[in-house]
Amino acid sequence: AETLRWGSLSARRGPRIELRSAIAEGGTATLRWLAPDDMWTTGFAVETSSDGETWSKRLSVGPHLSSASFPLANNTGLHVRVRAEVEGLP
């Protein structure tokens with residue numbers, strides 16, 4: 001079983017997420033991450049940014065998933081992140 005690298009499993013805004021891989025191939029981006037089970041997590045948002053400052057949600061997946069894929073349209077240098085969606089937090 002894989003384990004997180006941190007001592008604390010969660011922060012004030014939800015579980016800590018460790019992005020394990022981000023692969024762009026054939027017009028599709030595939031992300032894989034590791035996050036602890038958290039009873040307040042309602043899902044995970046995959047977000048992208050062209051500048052690393054302004055983020056847009058590309059898709060949401062369920063709380064028990066640890067990967068997601070989405071289509072790319074000639075985006076080079078695209079930043080990606082995975083954020084926990086937590087009940088009661090924006």
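Excluded from the calculations below are hydrogen atoms, water molecules and symmetry mates; all remaining heavy atoms, backbone and side chain alike, are included.
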Would you say T30 and F70 make side-chain contact, with heavy atoms under 4.5 Å?
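No, too far: nothing below the 4.5 Å cut-off.
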[atom1] of [X] to [atom2] of [Y]: how many Å apart, nearest 0.5 Å?
{"X": "R83", "Y": "K57", "atom1": "CZ", "atom2": "NZ", "result": "6.5 Å"}
{"X": "R32", "Y": "S66", "atom1": "CZ", "atom2": "OG", "result": "7.5 Å"}
{"X": "S67", "Y": "R20", "atom1": "OG", "atom2": "CZ", "result": "13.5 Å"}
{"X": "I23", "Y": "T28", "atom1": "CD1", "atom2": "OG1", "result": "12.0 Å"}
{"X": "L65", "Y": "W33", "atom1": "CG", "atom2": "CH2", "result": "6.5 Å"}

Inspect the surroundings of CZ in R81 and state if more than 12 heavy atoms from other residues, nucleotides or ligands are less than 6.0 Å away.
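More than 12 heavy atoms, drawn from other residues, nucleotides or ligands, come within 6.0 Å of this atom.
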Using the side chain to side chain contact (heavy atoms under 4.5 Å, CB included) definition, which of the options L31, I17, L59 pairs with F44?
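Single side chain to side chain contact (heavy atoms under 4.5 Å, CB included) partner of F44 among L31, I17, L59: I17.
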Salt-bridged, R16 to E18, with N to O below 4.0 Å?
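E18 and R16: not salt-bridged.
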What are the two closest non-hydrogen atoms of A45 and E85, and how far apart are they?
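Of all heavy-atom pairs spanning A45 and E85, the closest is CB-OE2, 3.6 Å.
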Counting distance only, does the side-chain N/O of [X] pair as donor-acceptor with the main-chain N or O of [Y] below 3.5 Å?
{"X": "T41", "Y": "V86", "result": "no"}
{"X": "R58", "Y": "P71", "result": "yes"}
{"X": "S49", "Y": "T54", "result": "yes"}

Are W55 and V46 linked, directly or through other ILVMFWY residues, by side chains that come within less than 4.5 angstrom of each other?
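No; V46 is not reachable from W55 via cluster members.
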